[in-house]
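Working notes, structure below.
Proteins come first, then strands; the chains are lettered A, B, ... in the order of their sequence lines, and each starts at number 1. Since this is a predicted model, take the numbers as computed values, not measurements.
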Amino acid sequence: MKYIAYFILCLIIWFLLTARIYLENIVAGILVSGITTLFFGRYFIEGVGKFLEPKRYFWLLVYLIMFIWECIKANFDVAYRVLHPAMPIRPGIVKVNVTIRSEFGKAILANSITMTPGTISVDLIGDTLYVHWINVFTDDPGKYSRIVSGRFENLLKKIFD
Amino acid sequence: MMNIALYLLIAFCLLCLIRIILGPTVADRVVAIDIMGILVVGICILLAEKTGRSFLIDVGMAWIILSFIGTLTMAKYLENKKLNE
Amino acid sequence: MSDILFYLLIGTGILFDLFGCIGLLRLPDVYNRLQSATKCVTLGTCCIAASLLARYGLADFGLKALLIIPLLFFTSTVAAHALARGSYKAGIRLWKGSVKDDYSKAEANEPVKE
């Protein structure tokens with residue numbers, strides 16, 4: 001199952017790269033994808049069968065739109081902090097608990113935290129995520145974990161768990 | 001128009017070079033080199049549009065991957081660990 | 001219409017690249033520089049790639065530019081995470097104006113892998 005999903009993903013990337021469809025191209029693509037799958041297929045994510053449900057793709061679309069919006073907001077936030085003459089920053093590293101089970105979901109959550117306003121993920125030990133935050137304005141753990149990861153966590157749980 | 005954009009991106013690369021020269025620690029220099037790699041990808045895309053040759057975008061793609069591997073190696077070196085962990 | 005979008009996206013991308021480079025020069029320590037540089041420069045270059053997509057559609061140029069965007073997101077975020085962790089483990093302390101440091105406590109009781 002895992003190997004088949006990896007093979008199809010490789011084939012899609014091959015056709016996006018070459019962008020033309022004729023016979024030699026298809027044969028070469030199947031050959032290269034097969035060899036790649038033979039060597040690296042075992043490193044692919046577990047539980048691919050979950051992605052046959054169309055419901056997850058709907059949430060993925062919602063997540064993508066929200067992610068792009070947060071990303072643009074993050075850039076204006078950083079631009080404001082950089083261009084302000086007094087540089088209003090209060091950096092620090094805070095601890096946030098994550099509740100997603102799947103490993104791939106955790107990795108995607110850490111990546112999205114890196115691209116959202118003012119935060120960058122430093123380390124993930126077990127279920128604890130250490131986040132460097134450029135503007136620590138509160139000392140209450142519940143409040144800042146809601147601000148840092150709460151926006152994405154519920155959506156990602158619907159996609160990956 | 002396209003020339004101005006290219007000159008501006010090269011000027012930003014020079015700003016990164018200032019950070020590489022000044023940077024007090026090794027990590028600062030590695031960050032600046034990583035950022036310079038991403039700027040070079042932007043230059044590749046603009047050059048492909050200007051000259052009309054699509055293989056320059058492939059050059060940019062390979063540049064992303066090589067710069068990523070280099071940065072990861074330097075991060076592991078800073079962490080004082082082997083590459084297979 | 002698509003030409004207007006093309007020049008608008010290139011202008012936005014170059015503006016964000018400029019902000020990222022100014023942040024790289026102005027901010028005080030490695031972690032803050034990583035914040036400004038990674039976010040702004042990644043989104044700037046993605047804007048430049050998206051401008052090609054806006055002008056040529058899903059033809060030869062557009063497809064390759066579309067492939068660059070996810071590649072850039074994954075590699076730059078993972079590289080930023082690895083560099084932040086590596087420089088912390090290498091002993092580079094936070095800036096003296098920092099407010100909070102939870103990671104120093106965690107590092108002491110982390111199990112040693114051998």
Quick one: of B:Val26, B:Val30, B:Asp58, who has the most non-hydrogen atom pairs under 4.5 Å with chain C?
B:Asp58
Chain B shares the most heavy-atom pairs under 4.5 Å, among C:Leu18, C:Leu67, C:Leu72, with C:Leu18
When you look at CZ of C:Arg26, are more than 12 heavy atoms from neighbouring residues, nucleotides or ligands closer to it than 6.0 Å?
yes
Go through the atoms of B:Arg29 and report whether side chain, backbone, both or neither lie under 4.5 Å from a heavy atom of chain C.
neither
Which atoms form the tightest heavy-atom contact between B:Leu78 and C:Gly86, and what is the distance?
CB-O, 3.8 Å
Could you grab the distance from atom CD1 of C:Ile14 to atom CG of B:Leu6, nearest 0.5 Å is fine?
8.0 Å
Let me confirm one number: the CG-OG1 distance from B:Leu66 to C:Thr75, rounded to the nearest 0.5 Å.
11.5 Å
Proximity breakdown for B:Ile57 and chain C, heavy-atom pairs closer than 4.5 Å:
both
Heavy-atom closest pair (B:Ile45 atom, C:Ala49 atom, distance to 0.1 Å) is CD1-CB, 3.9 Å
ring-ring contact (aromatic ring centres under 6.0 Å, His included) partners of residues 15-74 of chain B, not counting sequence neighbours, each pair once:
none
Side chain, backbone, both or neither: which part of C:Leu83 has an atom under 4.5 Å from a heavy atom of chain B?
both
Contacting region of C:Ile10 [heavy-atom separation from chain B under 4.5 Å]:
side chain
Please classify the contact of B:Met74 with chain C as side chain, backbone, both or neither, using a heavy-atom distance under 4.5 Å.
neither
Taking every non-hydrogen pair under 4.5 Å, which of B:Leu9, B:Leu15, B:Leu8 racks up the most with chain C?
B:Leu15
Report which part of B:Ala11 has an atom under 4.5 Å of a heavy atom belonging to chain C: side chain, backbone, both, or neither.
neither
Answer with side chain, backbone, both or neither: which region of C:Ser51 has an atom nearer than 4.5 Å to a non-hydrogen atom of chain B?
neither
Using heavy-atom distances under 4.5 Å, tell me whether C:Phe74 contacts chain B through its side chain, its backbone, both, or neither.
neither
Shortest non-hydrogen separation from C:Ser87 to B:Ala27 and the atoms involved:
CB-CB, 3.7 Å
C:Thr38 side, atom OG1; B:Ile38 side, atom CD1 - distance, nearest 0.5 Å:
7.0 Å
For B:Leu14, is the CG atom crowded, meaning more than 12 foreign heavy atoms sit under 6.0 Å from it?
yes
Spacing of CD1 belonging to C:Ile68 relative to CD1 belonging to B:Ile64, to within rounding of 0.5 Å
5.0 Å
dist B:Cys13:SG -> C:Asp17:CG (nearest 0.5 Å) comes out at 9.0 Å
Atom CE of B:Met61 and atom CG of C:Leu71: how far apart are they, to the nearest 0.5 Å?
7.0 Å
Can you say whether B:Ser54 sits under 4.5 Å from chain C via the side chain, the backbone, both, or neither, judging by heavy atoms?
both
Smallest heavy-atom separation, C:Cys21 atom then B:Leu39 atom, equals SG-CD1, 4.0 Å
